[in-house]
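Below, chain A is the first sequence line, B the second, and so on; all start at residue 1.
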Amino acid sequence: MAPSAHPRAMAPARPGRTRTAPPQTAEGWYAQPRMRRYLLFDATGLVYLLLGFLMLRVTWALGSGRVAWDRVLANFENPLYVAFHLLSLVAVVFVAVRFFRLFPKAQPPRIGPLKPPPAPMIHGLLYAAWIAITLLFVTILCGGLFA
Amino acid sequence: MVETLRHDIVIVGGGAAGLRAAIAAVEADPRVSVALVSKVYPMRSHTVSAEGGAAAVARDDDSLEMHAYDTVKGSDFLGDQDVIQYFVEEAPRELTALEHWGCPWSRNPDGSVATRAFGGMTTKRTWYAADKVGFHMLHTLFQHSMRFERIVRYDEQFATKLLVEEGAVRGVTALDVREGVMRTILGRAVILATGGAGKCFPFTTNGNIKTGDGMALAYRAGVALKDMEFVQYHPTGLPGTGILITEAARGEGGRLFNSKQERFLETKPEYGVGSKLELGPRDMISRAIIREVQAGNGIKGPYGEYVHLDLTHLDAGLLQKRLPFVLELARTYVGVDPVTQPIPVRPVVHYMMGGVDTDIDGATELPGLYAVGECASHSLNGANRLGSNSLTECLVFGARAGRHAVDFVSGVGGVDEGRLRERADQEAARVEALRGKQKGGEKLVQLRREMNQAMEEGCGVYRDQGSMRATVETLAQLRGRFADIALEDPSRVFNTELIAALELANMLDVAEAVAIAALDRRESRGAHACSDYPTRNDQEFLHHSLVYFEAGGPRVDKKDVTLGTWEPEERKY
Amino acid sequence: MSDVERKTFVVTRFDPDRDEVPKTQSYEVPCQPDWKILDALNFIKDHIDASLSHRWSCRMAVCGSCGMNVNGEPKLTCKVPISDYSDTIEVAPLSNFPVIRDLVVELEGFLEKLEAVKPFILRAKELSLDEGTTRQTPEELEEFKQFSMCINCMLCYAACPVVANEPEFLGPAAIALGHRYSLDTRDEGAAVRSEIFRGEGTVFSCSYANECSEVCPKNVDPAAAVNQAKFNSVIDWATRLVLPRGGEK
């Protein structure tokens with residue numbers, strides 16, 4: 001086993017009176033499909049980070065006049081730029097689907113007398129909200145682009 | 001030099017009885033310090049595997065008198081009626097206390113605690129938590145015990161000997177499983193709560209840890225073991241593994257069928273269960289199944305013959321709600337789906353009615369020594385225990401002994417620790433000599449197997465004088481051969497082979513007591529069915545058996561049964 | 001008996017008095033087809049190598065002793081059939097725990113975390129036995145029942161990537177058991193536990209990997225408990241901003 005867990009993982013406050021081997025992590029854990037999906041899920045954070053910067057740049061450009069705006073728009077001529085945005089679309093969908101799948105069980109069983117709706121309904125509401133918000137933004141953007 | 005730790009009360013065993021005693025002790029007196037010494041972490045105690053329920057009067061159509069009578073009759077009139085009376089009175093209070101501590105009892109729609117039918121009970125009085133009552137009770141007790149700083153746990157410490165000085169018990173020596181060193185844990189009272197000894201037998205519902213350690217400790221210290229011949233065979237264990245399929249499966253409506261698809265408890269009144277059918281007492285049903293197999297009506301399988309427990313006529317939703325664990329066990333361990341197929345079952349050793357001889361307070365003849373739970377015999381269960389009485393028993397007498405011990409220790413003075421230290425050092429040397437003892441001709445696994453076989457042959461559901469005598473001789477030989485055992489593992493840290501050897505020594509002592517007591521009881525009563533003496537003989541044998549450890553071989557004696565409201569009568573259902 | 005299959009078990013061994021680090025040892029075991037992994041380990045101990053140390057007891061998946069890594073995945077070895085595996089099976093101690101010996105891991109760390117969440121009924125005023133049992137409807141019982149099924153086998157700790165990296169994290173089982181009491185109608189300590197859940201070992205370290213629930217042999221779904229606990233902790237914190245509580249329980 002490869003000891004790549006934190007050396008004090010699950011260590012008690014008062015260590016036992018015999019020497020222990022450090023916590024091990026299963027060898028090849030990164031090869032398990034479930035682990036890989038989880039790592040991908042966490043790795044999308046990088047994508048969001050980058051997207052965040054780009055969004056900030058776009059917003060700044062909006063307020064900085066025609067020239068700045070045209071410069072930003074010109075980026076979309078670059079195929080790499082477009083590719084990144086397509087990749088981030090995939091990442092967003094991946095994260096959303098996974099998050100939606102896990103969302104119902106994170107609901108408290110009851111708040112006062114109110115119970116959460118059954119899982120299929122929660123899924124329906126989440127996807128419906130997602131689609132509605134997407135359509136709204138697309139409309140605004142397209143409207144804005146072709147204004 | 002062996003390290004010495006000092007507490008007021010030492011409890012050996014961390015299951016339901018031990019935990020309940022610990023909680024009772026610190027609640028009775030918050031200054032008392034309690035050592036809870038267990039060879040496994042408490043949540044691993046075998047209480048955890050109990051499935052069906054715990055009995056206490058709860059409904060309006062029930063009464064303490066009815067519960068007491070059912071228990072007396074179930075015990076085949078060998079139970080002490082003063083003990084039984086106290087038990088039925090305290091039972092509802094104990095289960096209520098557990099409810100207050102968070103135990104997730106299953107409920108009726110109106111929010112009251114639900115009860116189910118159980119073997120030998122005239123009405124529904126078994127409180128249950130789906131079909132994992134032992135698990136829920138144990139975890140509730142364990143988690144509740146975390147509130148008390150005065151309960152100090154010594155986990156994975158194997159108690160090897162009781163220290164007795166000036167005629168009273170003063171503590172225990174214990175082997176630290178992890179560190180491989182011996183320690184002395186002193187206490188002015190010791191409460192044994194170590195469970196039964198099903199692992200003396202080859203087929204048992206019991207887990208690996210049920211090796212009669214506390215019984216052996218008391219026995220070797222000169223305390224009698226009472227009613228050891230009464231070993232309960234649970235009628236419905238899985239063939240091969242012996243895994244328990246709870247009586248609650250029959251309580252919810254399960255039926256037993258033989259190879260001819262005959263519901264034999266119904267078609268053959270000679271089995272004595274009367275109208276109770278599958279809810280008759282366990283000893284009668286186990287005997288019925290064995291007789292069916294002997295008559296050629298058993299279904300053949302790779303692990304011997306069995307009968308069918310049929311739940312297929314019950315609603316699948318009900319099975320999922322009330323018996324989810326049974327469904328899981330059958331699917332995982334015999335590949336059978338009880339919703340659509342019958343479950344293969346056969347009688348397996350489950351519980352020891354006998355144990356360390358105590359009075360109603362759980363106190364033994366040795367001052368300062370108590371015993372509670374399955375390792376004790378107060379005697380609540382007499383010759384046969386009713387299902388769902390034992391979990392309640394752990395609570396009722398665990399609490400009583402815990403409180404009594406608190407009173408006891410307040411009157412106990414100090415003792416010369418020098419002599420105790422000498423004894424402890426001797427004991428440490430003895431155990432050290434056993435570790436990795438390579439010089440010897442006997443193998444641990446072989447001795448264990450021969451013991452198991454001897455117990456199966458001589459102390460089965462049906463016994464006869466000839467095979468019991470042979471078993472007594474075999475066990476005496478095995479005890480002698482143990483001295484010549486060879487062990488392979490000389491390691492210090494977490495040496496489980498050494499633990500297994502200590503457990504085997506305990507089992508050999510306890511097994512011998514069982515066999516000798518069985519040989520001596522020349523009648524059939526409760527779970528002890530002797531084919532040479534097929535009837536109950538109240539004239540000569542209405543007494544408890546006592547077995548004392550002596551150098552030349554165990555000595556048998558007797559003790560009166562405390563009768564009360566009910567005189568012995570024919571046990572008919 | 002028929003159908004005996006020989007399988008090779010590659011088992012981690014470690015004796016702190018002799019070994020610097022854990023190593024593996026291979027055993028050829030003649031297996032019955034209906035065996036679980038535990039049966040093979042017991043065969044090794046009984047007939048091949050008596051020095052192999054492992055914990056086990058009930059062999060019916062309820063005591064939680066026998067958790068180990070089998071081919072890299074945390075499993076209850078008394079529940080997993082060898083027929084699920086091919087000819088070579090790796091058995092190692094549970095990930096993320098210090099190793100005491102062979103397949104035996106240190107459990108004290110878990111017990112400290114469990115005690116930290118106050119896993120018992122907290123009430124301002126203790127219930128009296130004379131009041132009898134409290135009323136709790138089957139629906140109220142269902143709300144926390146699932147989380148009470150935890151057998152403390154710690155497979156979830158072995159699977160959790162956060163446990164692997166953050167020693168303080170309370171972990172799935174401890175949080176699930178704390179949350180179980182907070183949901184119990186008899187308990188009044190939800191606010192106390194919410195504060196504990198925001199403290200050291202915070203539930204917010206959970207990154208929603210869901211590995212714990214994937215490996216749990218009892219369908220406790222600790223991921224649900226942890227994430228519900230997050231939600232409740234936030235509500236509790238916000239409520240306290242608006243309505244600070246006077247006096248402790």
For chain C, find which of [options] contributes the most heavy-atom pairs closer than 4.5 angstrom.
options: K210(B), H144(B), R153(B); value: R153(B)
options: D110(B), L138(B), T47(B), D155(B); value: D110(B)
options: R448(B), M146(B), K443(B); value: M146(B)
options: L238(B), I243(B), L487(B), N495(B); value: I243(B)

Hey, are [X] and [Y] close enough for a salt bridge, meaning a charged N less than 4.0 Å from a carboxylate O?
X: E497(B); Y: K45(C); value: no
X: D15(C); Y: R492(B); value: no
X: R178(B); Y: E108(C); value: no
X: E142(C); Y: K321(B); value: no
X: E126(C); Y: R147(B); value: yes
X: E139(C); Y: R107(B); value: no

Given a strict heavy-atom distance threshold of 4.5 Å, which part of [X] is in contact with chain C: side chain, backbone, both, or neither?
X: E51(B); value: side chain
X: F135(B); value: side chain
X: V445(B); value: side chain
X: K132(B); value: side chain
X: S45(B); value: neither
X: I209(B); value: both

What residue in [options] has the most heavy-atom pairs under 4.5 Å with chain B?
options: E115(C), H54(C), K118(C), E140(C); answer: E115(C)
options: E131(C), K145(C), R55(C); answer: R55(C)
options: T137(C), L127(C), L177(C); answer: L127(C)
options: N152(C), D46(C), N42(C); answer: N152(C)
options: S53(C), C58(C), A61(C), P81(C); answer: S53(C)
options: D130(C), T134(C), V104(C); answer: T134(C)

* Asked: Is it true that the NZ or CZ of K36(C) lies under 6.0 Å from the centre of Y333(B)'s six-membered ring and within 45 degrees of the ring axis?
  ->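 Satisfied, under 6.0 Å and within 45°.
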As an exercise, state the distance from [atom1] of [X] to [atom2] of [Y], rounded to the nearest 0.5 Å.
X: I121(C); Y: C103(B); atom1: CD1; atom2: SG; value: 10.5 Å
X: L114(C); Y: Q143(B); atom1: CG; atom2: CD; value: 6.0 Å
X: M60(C); Y: L329(B); atom1: CE; atom2: CG; value: 5.0 Å

Between [X] and [Y], what is the shortest heavy-atom contact and its length?
X: R44(B); Y: I151(C); value: NH1-O, 3.2 Å
X: T133(C); Y: E99(B); value: CA-OE1, 3.3 Å
X: Y181(C); Y: W101(B); value: CE2-O, 4.4 Å
X: P104(B); Y: R180(C); value: CD-NH2, 4.1 Å
X: V48(B); Y: V62(C); value: CG2-O, 3.5 Å

Backbone N or O of [Y] within a donor-acceptor pair of the [X] side chain at under 3.5 Å?
X: R59(C); Y: T241(B); result: yes
X: H46(B); Y: S57(C); result: no
X: S51(C); Y: D489(B); result: no

* Return yes if a side-chain donor-acceptor contact under 3.5 Å exists between R101(C) and T496(B), otherwise no. => no
